[in-house]
Amino acid sequence: MHDIKIIRENPEAFDAGLIRRGAEALSSELLALDEKSRKIQTDLQALQARRNEASKAIGAAKGKGDEEGAAALMAEVAEIKEKMPQLEEEDHQIKDELNNLMAALPNLPLDDVPTGEGEEENVELERWGDPRIFSFEARDHADLGPELGLDFETGAAMSGARFTFMRGAMARLNRAIGQFMLDQQTVKNGYSECAVPYLVRDHSLFGTGQLPKFAEDSFQTTEGHWLIPTAEVSLTNSVREQILSEDQFPIRLTALTPCFRSEAGSAGRDTKGLIRQHQFEKVEMVSITTPEQSAHEHERMTKAAEGILQALNLPYRKMLLCTGDMGATARKTYDLEVWLPGQGLYREISSCSNCGDYQARRMNTRYKREGEKHTIFAHTLNGSGLAVGRTLVAIIENYQQEDGSITIPDALLPYMGGITKIEQSS
RNA sequence: GGACAGGUGGCAGAGUGGUCGAAUGCAGCGGUCUUGAAAACCGCCGAGGGUGCAAGCUCUCCGUGGGUUCGAAUCCCACCCUGUCCGCCA
């Protein structure tokens, strides 16, 4: 959500930002509605003020037993009230229209975000780790997995495409990854562990920006709840409608949850393997902080995500997303892409975004600064730390052996109950 | 799922048709007193919007949305949420 006052002050900059994101300039339309709305509001308020005044006078007159005076005033109010419903109706209508337009707009990119249309124009910032040199031909996880307990067929049989059933040591490895990451983010990086609802209401998805525009990307129950597409929704909405105080910041929250995505519009993409599922687990990080601190917090959060890849010794690169590849709620996003030797490419495994006050405005999350009267919208950030399923993919491909088995990264051994290797029979 | 109770400012909690944006207490802020602190005392203290250079004037908000009324926190309707008890259940 945007601040209409900022649009009023600098409509050119606002439009330029929208255009950079591939959206259409909208300021003149918004400002026309805004002006109309303010005009109506002023007119309406003049009537309301007179009505309020007269009503009070009626009360006073009746109190004194002046029935005649009261009757005269009542006649005046009746007249005022004839004009009001029409203005009220117009007022509602225009405000709705304005709100609907505003609610559907994406966030504006920060200045240092490169302009571009799609992922080809993302900028690689750095690489970490040297891809392993294989003495044999590296296979991809969809090829290796079925022998090792990644049962795509059984998953598909009960639930359809994009669902996987995991067995034995592979299921355990999946669990170990989640536990390990959660421990890293809490103990090492200071995020507070949360266990959160997986079903949320409309207003929560609106708050984090999935609604109204991206309804088709999420699943909804027959009761009307939405299945969270990411724990970002549950964690970020924990501060909705709150006025916080500055000394609570930064609020750092994390949770390991399943994520549910309909993947509408992804037909035919990544149909093989674990890369794109309707259900996957993810450790999510969320920070709530001040406008002054959010850029720094963004760097810190990205490092927290990188720490996992480094601990698992998985080569990756850090990308700065261009305007066309960022999610709608973000002002700036870093993606971490892990090296997948079986596929011979880097693949997104984490996305860390600074949303500025975009979500806070939608959720009405504000804070007070010491000594200041007015409230300020907080800044929100979110990042994966990391996606469990894709980490599993990366481990399978990077830790594969010539015989088709995989070894367990050292960092995960404490979570594996003595298992050091996953091989065919397990 | 059934029955009942209830949703009021940061928190607690009064208010059942008029001068109520709302008593009181706590917390917070400023001050007096004190070497300093505590206590006591005094004062301030909800959010958002319109208009204006400003001072100010004004509007909206007592869960949400409608309605009744000259006038609604207060009455009516619907919905959402919370609590308690009962039922069922991991």
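- Evaluated for a side-chain contact (heavy atoms from CB on, under 4.5 Å) with I6(A), the options D3(A), N10(A), I4(A) yield exactly one hit, D3(A).
- Of all nucleotides present, none satisfies the Watson-Crick or G-U wobble test against A90(B) with each distance under 3.5 Å.
- Base-pair partner of G52(B): not found among the strands shown (Watson-Crick or G-U wobble, both distances under 3.5 Å).
- One can place CZ of R50(A) at 14 Å from C1' of C70(B), the figure rounded to the nearest angstrom.
- Under the 6.0 Å cut-off for aromatic ring centres, H379(A) and Y358(A) do not qualify, their centroids lying 6.0 Å or more apart.
- In this structure, E76(A) atom CD and G71(B) atom C1' are separated by 14 Å, rounded to whole Å.
- If you check every strand for non-hydrogen atoms under 4.0 Å, H92(A) touches sugar and phosphate atoms only.
- The 5' end of RNA chain B is approached more closely, in terms of each residue's nearest nucleotide, by T375(A) than by the other of T375(A) and V77(A).
- In this model, the phosphate group of G71(B) is approached by a side-chain N or O of K81(A) to a distance below 4.0 Å at OP1 or OP2.
- The residue S245(A) sits apart from the nucleic acid: no heavy atom pair falls under 4.0 Å.
- When the C1' atom is used for both G13(B) and G17(B), the distance is 22 Å, rounded to whole Å.
- Residue I58(A) has its side chain nearest to G18(B) when only C59(B), G18(B), G71(B) are considered.
- If you take atom P in C26(B) and the same atom in G48(B), they sit 26 Å apart, rounded to whole Å.
- Contact annotation for L73(A): no contact, since no heavy-atom pair falls under 4.0 Å across all strands.
- Annotation: C20(B) and C59(B) have their P atoms spaced 16 Å apart (nearest Å).
- Look at R38(A) and you won't find any side-chain N or O under 4.0 angstrom from OP1 or OP2 of G49(B).
- Along RNA chain B, the nucleotide closest to E223(A) and the one closest to R51(A) are compared, and the more 5′ of them pairs with E223(A).
- Aromatic pair F14(A)/H2(A): ring centres closer than 6.0 Å.
- Taking the ring centre of F280(A) as origin, the terminal cationic atom of R390(A) falls outside the region bounded by 6.0 Å and 45° from the ring axis.
- Residue K5(A) is in sugar-phosphate contact alone, with no base atom involved, counting any heavy-atom pair closer than 4.0 Å across all strands shown.
- Spacing between U82(B) and C29(B) at atom P, rounded to whole Å, works out to 34 Å.
- Using a 4.0 Å heavy-atom distance criterion, A49(A) is classed as a sugar-phosphate-only contact.
- When the P atom is compared between A39(B) and G28(B), the two are found 10 Å apart, to the nearest whole Å.
- In this structure, D335(A) does not pair ionically with K318(A), as no charged nitrogen and carboxylate oxygen lie closer than 4.0 Å.
- Rounded to whole Å, the separation between the P atoms of G15(B) and U24(B) comes to 15 Å.
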Given the rule in the side-chain hydrogen bond (donor to acceptor under 3.5 Å, both in side chains) test, do Y367(A) and Q248(A) qualify, once you have shown the distances and angles that lead to the verdict? CA-CA 9 Å; Y367(A) 72 96; Q248(A) 292 174 262; over 6 Å; no
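- Remark: C61(B) base-pairs with G46(B); criterion is Watson-Crick or G-U wobble with both hydrogen-bond distances under 3.5 Å.
- Distance, E246(A) CD to G10(B) C1': 17 Å, rounded to whole Å.
- Closest contact between the side chain of R366(A) and the listed nucleotides G50(B), U60(B), A47(B) involves A47(B).
- When both distances must be under 3.5 Å, the Watson-Crick or G-U wobble mate of C85(B) is G2(B).
- Applying the 6.0 Å contact sphere to CD of E153(A) captures no more than 12 heavy atoms from other residues, nucleotides or ligands.
- Between K36(A) and E90(A) no salt bridge is recorded (no basic side-chain N to carboxylate O distance below 4.0 Å).
- With a cut-off of 3.5 Å on both pairing distances, A27(B) has no Watson-Crick or G-U wobble partner at all.
- Rounded to whole angstrom, the span from the NZ atom of K39(A) across to the P atom of G52(B) amounts to 13 Å.
- Q242(A) has its CD atom 15 Å from the C1' atom of G9(B), to the nearest Å.
- One interatomic measurement links the two molecules: NZ of K95(A) to P of G49(B), which rounds to 12 Å at whole-angstrom precision.
- Of all nucleotides present, only U32(B) satisfies the Watson-Crick or G-U wobble test against A40(B), with each distance under 3.5 Å.
- Look at N52(A) and you won't find any side-chain N or O under 4.0 angstrom from OP1 or OP2 of U19(B).
- With both pairing distances under 3.5 Å, G9(B) is matched to nothing as a Watson-Crick or G-U wobble pair.
- For the P atom pair drawn from G7(B) and U32(B), the interatomic distance equals 42 Å after rounding to whole Å.
- As rounded to whole Å, 8 Å separates atom P of G10(B) from atom NZ of K368(A).
- To the nearest whole angstrom, the two C1' atoms, one in A73(B) and one in U64(B), are 15 Å apart.
- Residue contacts for R8(A): at a heavy-atom cut-off of 4.0 Å it reaches the sugar-phosphate backbone alone, with no base atom in range.
- Checking U69(B) for Watson-Crick or G-U wobble geometry (two distances, each under 3.5 Å) identifies no partner in any strand.
- The distance between atom CG of D43(A) and atom C1' of G50(B), rounded to the nearest whole Å, is 11 Å.
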